[in-house]
Amino acid sequence: MKRSYPESSSSGSLEPPQSKPRYNPDGDGHFLEDESTKFFARKVADHYSARTNQTLEEREASPIIHLKKLNNWIKSVLIQLYAKKGDAVLDLACGKGGDLIKWDKAKVGYYVGVDIAEGSIEDCRTRYNGDADHHQRRKKFSFPARLMCGDCFEVRLDKVLSDDAPFDICSCQFAMHYSWSTEARARRALANVSALLRPGGIFIGTMPDANVIIKKLREAEGLAFGNSVYWIRFDEEYSEKKFKSSTPFGIKYKFHLEDAVDCPEWIVPFHVFKALAEEYDLELVFVKNSHVFVDEYLKKPEFIELMRRLGALGDGNQDHSTLSPDEWEVAYLYLAFVLRKRGQPDQTRVNNRRDKGKMHVDKEDIMYISSAQIDG
Ligand SMILES: C[S@@+](CC[C@H](N)C(=O)[O-])C[C@H]1O[C@@H](n2cnc3c(N)ncnc32)[C@H](O)[C@@H]1O
């Protein structure tokens with residue numbers, strides 16, 4: 001059956017006020033953000049800010065509930081594999097704090113969450129405080145936290161967080177691709193991670209798998225493809241479906257995922273990501289498409305048990321509900337990566353940064369950060 005997708009013209013509000021972000025062939029990444037870059041960052045922030053917390057019933061009724069559970073399993077596995085007791089955690093694009101419980105289970109010692117969406121940071125704050133956990137009231141988290149609202153891919157976080165660093169582990173889940181609108185932003189993202197991690201520190205993340213997306217685009221009849229739960233659409237400028245290796249940034253597409261995402265995203269060619277990360281002393285430990293990731297880690301008893309508890313593939317007993325083929329196809333659009341900051345860990349290091357955080361975060365404690373404020 002041939003599907004129809006919204007036409008480009010129906011998304012007039014997606015047009016930026018000015019030209020497309022420029023690629024800087026010299027690679028210094030020092031040019032200023034232009035209006036269109038800011039426009040799109042705002043568009044992404046507004047989209048996520050407007051997404052309200054769901055009740056447990058609403059969540060369970062979601063057409064992608066099993067995909068959400070699968071993604072939670074992938075993030076939990078990454079955290080269980082790499083977070084250690086007492087670790088200081090930097091959660092970039094932390095959203096509504098959906099990973100707080102996972103960090104708590106790993107017994108981390110300190111948590112800093114940053115997100116561009118004001119609404120999401122506020123939800124994260126209430127979830128951390130245990131005031132309005134929509135799933136259930138739970139005991140307080142055992143680690144102190146700091147929350148910040150700002151653009152992780154524009155602001156010099158090393159300046160803002162100099163007293164909180166170094167971090168043992170940095171996480172950026174389902175968000176790194178929002179940095180790929182320009183080279184300057186991609187560099188800022190990686191420079192922030194590198195500057196804030198200790199030597200030997202770990203950077204874990206999940207993001208769209210460019211190889212899969214480009215393959216699907218080339219297989220599609222037009223510039224759009226998808227299924228009953230998602231669609232992706234590229235602009236006319238990509239009608240040849242060719243991408244120059246000299247311009248690996250700013251390749252924008254529109255992504256729609258039922259009950260989750262509806263905003264512009266950018267292709268992240270992984271080989272460019274890896275090469276750029278190396279420039280910032282971040283070495284690749286592994287990258288795996290989500291399908292491979294599931295296949296591999298679902299062989300380990302502890303992660304089988306975790307999957308059963310999360311219920312992405314049913315509970316192995318009465319509950320036979322599982323991902324639909326369409327949800328499984330969406331999982332294929334993503335990859336998981338792990339990078340390590342070069343250098344030897346300092347064995348004598350004592351994490352004394354936890355005094356920077358609080359066990360209850362008030363509205364006034366949320367720090368709003370912008371480049372203008374930091375650079376003067
Ligand atoms: C798909 S959500 C993932 C949230 C969270 N990491 C999780 O896995 O539940 C993407 C998040 O990225 C955030 N985001 C997008 N661009 C950002 C930026 N430039 N700086 C900080 N956060 C950003 C959004 O506001 C949103 O909360």
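Nothing fancy with the numbering, it's 1 onward along the sequence. Remember, it's 1-based here, ligands and their atoms both numbered in the order they're listed. Hydrogens, waters and symmetry mates play no part in the numbers below; they use all other heavy atoms, side chains included.
The aromatic rings of Trp231 and His256 lie parallel to each other, their planes meeting at an angle below 30°, with 60° marking the opposite boundary. In this structure, Tyr128 and Phe143 have tilted ring planes: the angle between them lies in the 30° to 60° band. Between Phe255 and Tyr230, the ring planes are tilted. Angles from 30° to 60° get that label.
Near Gln173, meaning under 4.0 Å from any of its heavy atoms, are these atoms of ligand 1: 3 (C), 5 (C), 6 (N), 8 (O). Heavy-atom contacts of Asp151 reach the following atoms of ligand 1: 18 (C), 19 (N), 20 (N) (cutoff under 4.0 Å). Using a 4.0 Å cut-off to heavy atoms of Ala117, the atoms of ligand 1 that qualify are 25 (O). Remark: ligand 1 atoms within the under-4.0 Å shell around heavy atoms of Arg185 are 19 (N). Close approach of ligand 1 to Ala175 (heavy-atom distance below 4.0 Å) involves ligand atoms 12 (O). Proximity to Gly95 (heavy-atom distance under 4.0 Å) selects the following atoms of ligand 1: 4 (C), 27 (O).
For the pair Gly150 and ligand 1, a heavy-atom separation below 4.0 Å is found. For the ligand labelled ligand 1, residue Cys152 lies inside the 4.0 Å heavy-atom shell. Using a 4.0 angstrom heavy-atom cutoff, Cys94 counts as in contact with ligand 1.
Nearest non-hydrogen protein atom to atom 16 (N) of ligand 1 is Tyr178 CB, 3.6 Å. Regarding atom 17 (C) of ligand 1, its nearest protein heavy-atom neighbour is Ile116 CG2, 3.5 Å. Nearest protein heavy-atom contact of atom 5 (C) of ligand 1 is Ala93 O, 3.4 Å. With respect to atom 24 (C) of ligand 1, the closest heavy atom belonging to the protein is Tyr48 CD1, 3.3 Å. Closest to atom 11 (C) of ligand 1, if we only count protein heavy atoms, is Asp115 OD2, 3.9 Å. Scanning all protein heavy atoms for the shortest distance to atom 7 (C) of ligand 1 gives Lys75 NZ, 3.3 Å.
Counting heavy atoms closer than 4.0 Å to ligand 1, residue Val44 contributes side-chain atoms (C-beta onward) but none from N, CA, C or O. By the criterion of a heavy-atom distance under 4.0 Å, neither the backbone nor the side chain of Ala45 is placed next to ligand 1.
The salt bridge (Lys or Arg N to Asp or Glu O under 4.0 Å) contacts involving residues 321-335 comprise Lys216-Glu329, where partners must be two or more places apart or lie in separate chains.
Using a 4.0 Å cut-off between charged nitrogen and carboxylate oxygen, Glu122 and Lys363 count as a salt-bridge pair. Taking a cutoff of 4.0 Å between a charged side-chain nitrogen and a carboxylate oxygen, Asp164 and Lys356 do not qualify as a salt bridge.
In this structure, Lys341 has no salt bridge (charged side-chain N to carboxylate O under 4.0 Å, His left out) partners at least two apart in sequence or on a different chain.
Side-chain contact between Tyr253 and Ile267 is present, with at least one heavy-atom pair separated by less than 4.5 Å. You'll find the side chain of Arg59 reaches within 4.5 Å of the side chain of Ile65, heavy atoms only.
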Handout entry: Residue pair Tyr82, Val285: steps toward the side-chain contact (heavy atoms from CB on, under 4.5 Å) verdict
Key = CA-CA 11 Å; Tyr82 289 99; Val285 177; 3.8 Å; yes
Exercise for the section: Please test Leu100 against Tyr111 for side-chain contact (heavy atoms from CB on, under 4.5 Å), starting from the C-alpha separation and ending with a verdict. Expected result: CA-CA 9 Å; Leu100 283 168; Tyr111 174 93; 3.8 Å; yes
